[in-house]
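Working notes, structure below.
Computation of the quantities below employed the complete heavy-atom set of this structure, encompassing side-chain atoms and omitting hydrogens, waters and symmetry-equivalent molecules. Just so it is clear: chains get the letters A, B, ... in the order the sequence lines come, proteins before strands, and each one is counted from 1.
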Amino acid sequence: MRPILLQGHERSLNQIKYNRDGDLLFSVAKDKVVCAWYTSNGERLGTYSGHQGAVWTCDPSPNGILLATGAADNTIKLWNIQSGECVKTWENPTAIKRVQFSEDGSRLLAVTEKRMGYLGTIVVYNIQYGEDLTQQSDEQDLKITCEESKATVAGWSYLDKYIIACHEDGSVSQYDSKTGDLDSNIEIHEYDTSINDIQFSTDKTYFITAGKDKTAKIVSARNLEVLKSYSADTPLNTAAITPRKDFVILGGGQAAMDVTTTSARQGKFEARFYHKIFEDEIGRVRGHFGPLNTIAVHPQGTAYSSGGEDGYVRMHNFDKSYFDFMYEVEREASRK
Amino acid sequence: MSAKVAGREWAEDVSDNEANDPTAIPAPVTTVNKDGTKTTVSYKIDDSGRRVKVTRKTRTTVHREKVNPEVAERRTWAKFGLEKGKSKGPQTDTTSVGENIVFRPSRDWKSVQAAEAKEGGGKAEEKSLKEQLRDKKVKCRICSGEHFTARCPYKDTMAPIGGDNEPAADPMAEDGEQAPKQGGLGTGQGGYVPPHMRKGAAANAGERMGGKFERDDLATLRVTNVSEMAEEQELRDMFERFGRVTRVFLAKDRETGRAKGFAFISFVDRAEAARACEKMDGQGYRHLILRVEFAKRTT
């Protein structure tokens, strides 16, 4: 496969996201610019400018109208995807580390950083899609304060029933999305190793976490039971579940400060493919010069993109060998 | 400024036309070839200031795909932000195509990877002992030929090359792997060990003299009543029918070069020697009748 390299950022990538149809890819980096790309040919549709600090996170709404971004300038911004205009800005006391639209797009959660005396919180806003997109309420619909350990990433579970948050201490919490009550908190990663990414399966009944403890885990959203565990030899920054094929893709690399002292060969700057069921590593894709910060998989499972510390986004379209690969037992099962 | 333009130095004029001036680059020229491809010739200045001519040949193939109407509509959106006003299609400053990456998932990816690393010229130390030995040729410790020591035709007549008290015909030693162990250098820690201090020196001390002949006698035939005109090669040919002959000794007169009338034939196997003895005793050879018997033990 021949990757398409996107060089829209001058600094390391923080998050990339496909829209629901998979024809657009959004990327955010530490350089304040938000980019939108056509995935078919790598053409840049445009940039959304307005943030004053590193942009940590982005998420397009399921209906493809709005794009939410959260940045180190303590703001959450909503953008009109088509025109590139900022339609709403919410100010917060601290930086925004993660935003995520609910499954129906009516709510938006944001994870705020613990800093300057403020505890880490998860805030939820209601989103309106009227004629005038700037008509958004300033009121927070819900505010969850993480008193014990700050939340690093969060997302909505199936039917927007729960908010699942991952914490700095390696635990995962399940909150009721209506009331904000904590249902359960289970430590799934090694104690005191932060969880850097959470991505849900297509039906949102389970999710994968990427931990600093060099493991990624698939966890059931209903009862936070660890279903599968994948171990790597490097701290993981990101993990993604591939639709269509039963694989997971993990990305990581050593901490950014150690990068210059190691060669690319041993630097482990590769996307690692694991079999979702059998937990075996089945292959790697190299190409980045730095650790992988973020991986996104096309919603139809035909492509994936990775964003690295090196400032590049690489879009890969899977070729035949990827789709043909099967374990012997899978092949037998498919014959029946 | 205007004065400078008016009164241009000839030296400046030259440098302006050269690479230093970015405006001196000719505009890209695109020509359409007969086979439908396009050739674009453009010039750019590389990092070290040299002017580089770039010839790019492109073929356009139209790939049609049915998509969601929403997706199709999005393709027609106007560009915005930093891309505002730029032409349709990917811009070369933001989008490029990477080198081809071969991605073949495999079940035991880790072991495949390890094997490839080895093939790809890993250091010799990293290779396993087995692999090191794979390409090694068999070498006889007696005659340095390409056979196992136990198969050496000279094993009963020649001492091993090393020349110490190593048992030459030890079949267990044929791999060559065990050679250092049996070299008898005591503790195996290296360093010189005097012969009398070596392992097994006491046991082998007195046996050395007769040892060779003793072994010889087990499968050696004494042939008498051999014709004067006999040749060693003829004897070897005759006796080789019964088994592997390791040595043929035909006693010859030193002055005349004629055979003295007796010979010794050594076999590898005593059973073969016994059969040869039985069959060849009383056979005619060059008008004489051979007499074959087991050689007597020399004392």
Heavy atoms of other groups near [X] [atom1], more than 12 under 6.0 Å:
X        : atom1 : answer
B/Arg104 : CZ    : no
A/Phe247 : CZ    : yes
A/Lys88  : NZ    : yes
A/Glu10  : CD    : no
B/Lys86  : NZ    : yes

Counting only non-hydrogen atoms closer than 4.5 Å, does [X] touch chain B with its backbone (N, CA, C, O), its side chain (CB onward), both, or neither?
X        : answer
A/Arg314 : side chain
A/Tyr322 : both
A/Ile81  : both
A/Asp280 : side chain
A/Asp319 : side chain

Using modelled atom types and a 3.5 Å cut-off, is there a donor and acceptor pairing between side-chain atoms of [X] and backbone atoms of [Y]?
X        : Y        : value
B/Arg107 : A/Tyr327 : no
B/Thr94  : A/Glu43  : no
B/Thr95  : A/Gly42  : yes

Within-4.5 Å side-chain heavy-atom neighbours: [X] and [Y]:
X        : Y        : result
B/Ser106 : A/Ile282 : no
B/Arg74  : A/Gln82  : no
B/Phe103 : A/Phe325 : no
B/Pro90  : A/Arg44  : no
A/Met1   : B/Val102 : no

Could you tell me which portion of B/Lys84 (side chain, backbone, both or neither) has an atom closer than 4.5 angstrom to a non-hydrogen atom of chain A?
neither
Tell me, for B/Asn100 versus chain A, whether the close heavy atoms (under 4.5 Å) come from the side chain, the backbone, both or neither.
both
For A/Ser321 against B/Pro105, the heavy-atom pair lying closest together:
O-CD, 3.7 Å
Here the pair of heavy atoms bringing A/Asn41 nearest to B/Arg75 is ND2-NH2, 3.5 Å
Most contacts with chain B, counted as non-hydrogen pairs under 4.5 angstrom, among A/Asp23, A/Val34, A/Val285
A/Asp23
Give, for atom CG of A/Leu45 and atom NZ of B/Lys79, the distance between the pair rounded to the nearest 0.5 Å.
8.0 Å
Could you tell me if A/Gln7 and B/Ser96 have a donor-acceptor pair between their side chains, going purely by distance under 3.5 Å?
yes
Assess the residue pair B/Phe80 and A/Thr47 against the criterion (side chain to side chain contact (heavy atoms under 4.5 Å, CB included)); give the C-alpha distance rounded to whole Å, side-chain angles, the decisive distance to 0.1 Å, and a yes or no.
CA-CA 6 Å; B/Phe80 54 86; A/Thr47 59; 5.6 Å; no
